[in-house]
Amino acid sequence: DLSNEMRDLDHSVEEADNEISDILDIMKTQTDNANLQEDGCLRLKVLSRSLGRCNIIITYDGLKVILSSMKTHPKNPSLQANACGTLANLSFNSDACTRRAILFNLEGAERIIDAMKDHLFALPVQITACNAIGNLTTDTGNVFPSNNSYTSRLGSITDSISLCGTELGSRCNSEFSSQFSCLDDDASALTSKSNATVTSPSCLLKEASEFARKGAIPYIIRAMEVHLN
């Protein structure tokens, strides 16, 4: 069956990067099969830890496939976690053009925020979604190494988005001013309580403001309230 077909790729994936195209071809033709899509996103998450394989995933339209899978199967937490993890890896290992494609061309921000909204109590979803947001809103790949704690990631993300709010506020009367005020009031105590070591990444203003515009801040705060308490 199709799930077996996906599992049969396990050995060849380790042998040759061109097996990525086979995984994506299966996902493209079996879009309604949730189990197969979940398996495919898991394999892509593992493979995307390598810079070279990230490039192959992107070359074979992997971004479209992953985001389409997220949109088609919004209530599957394992799929959403694997997909967000792949997006986090792709944005960690790829260039600015890939980040812009995820956010502005392919509705990546909407898919990530929807995953956080639909799976508030699923810690793997919250972790991978926050990793993706963090890597997409900062200009360094060293902000969210895989061994960082969840609290450190959340602290860094709130730091990044708060910085975005400060920069926006200094330029104009931002439509996001109330959101950033809420973030400052509610999140600072939570990050302090977490004892997180917060890095000071350089915020990508356009990317961070895109997440703010799409309503990410309340869901980041909710994730902190649920998983840091």
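Just so you know, these numbers use all the heavy atoms, side chains as well, and skip hydrogens, waters and symmetry mates.
- Although no hydrogens or angles enter the test, the distance criterion places no donor-acceptor pair under 3.5 Å between the side chain of Ser50 and the main chain of Leu47.
- Annotation: side chain of Asp61 is not in contact with side chain of Leu24 (no heavy-atom distance under 4.5 Å).
- Taken from CD in Glu19 to CD1 in Ile56, the straight-line distance is 11.0 Å, to the nearest 0.5 Å.
- Of the candidates Lys71, Arg213, Lys214, Glu110 forms a salt bridge (charged side-chain N to carboxylate O under 4.0 Å, His left out) with just one, namely Lys214.
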Test side-chain contact (heavy atoms from CB on, under 4.5 Å) applied to Met27 and Cys41, step by step: CA-CA 9 Å; Met27 293 179 71; Cys41 287; 3.9 Å; yes
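- Residues Asp32 and His73 approach most closely at O-CE1, 3.5 Å, considering heavy atoms.
- Atom CZ of Phe211 and atom CG of Leu136 lie 5.0 Å apart (nearest 0.5 Å).
- Put simply, the side chain of Leu87 reaches to within 4.5 Å of the side chain of Met70, judged on heavy atoms.
- Nearest approach of Ser91 to Asn135, heavy atoms of both residues: OG-CB, 3.3 Å.
- No chain of hydrophobic side-chain contacts below 4.5 Å, direct or via other Ile, Leu, Val, Met, Phe, Trp or Tyr residues, connects Leu120 to Val125.
- Of all heavy-atom pairs between Glu210 and Leu103, the closest is OE2-O, 4.2 Å.
- With values rounded to the nearest 0.5 angstrom, Gln126 atom CD is found 11.5 Å from Asn131 atom CG.
- Put simply, OG1 on Thr128 and CG on Asn82 are 8.0 Å apart, with the number rounded to the nearest 0.5 Å.
- Nearest approach of Leu90 to Ser48, heavy atoms of both residues: CD2-CB, 4.2 Å.
- Between Asn55 and Thr59, the shortest heavy-atom contact is O-OG1, 2.7 Å.
- With rounding to the nearest 0.5 angstrom, the SG atom of Cys84 is 10.5 Å from the CD1 atom of Ile66.
- Within the 4.5 Å cutoff, the side chain of Glu107 has no heavy atoms near those of the Leu67 side chain.
- In terms of heavy atoms, Leu79 sits closest to Ala34 at CD1-O, 4.1 Å.
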Check against side-chain contact (heavy atoms from CB on, under 4.5 Å), Asp114 and Lys117: CA-CA 5 Å; Asp114 283 347; Lys117 176 177 64 176; 3.5 Å; yes
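- Checked options Gln37, Gln80, Arg111, Lys28; the residue passing with Ser69 is Gln37 (criterion: side-chain hydrogen bond (donor to acceptor under 3.5 Å, both in side chains)).
- In this structure, CG in Leu42 is found 9.0 Å from CG in Leu44, a value given to the nearest 0.5 Å.
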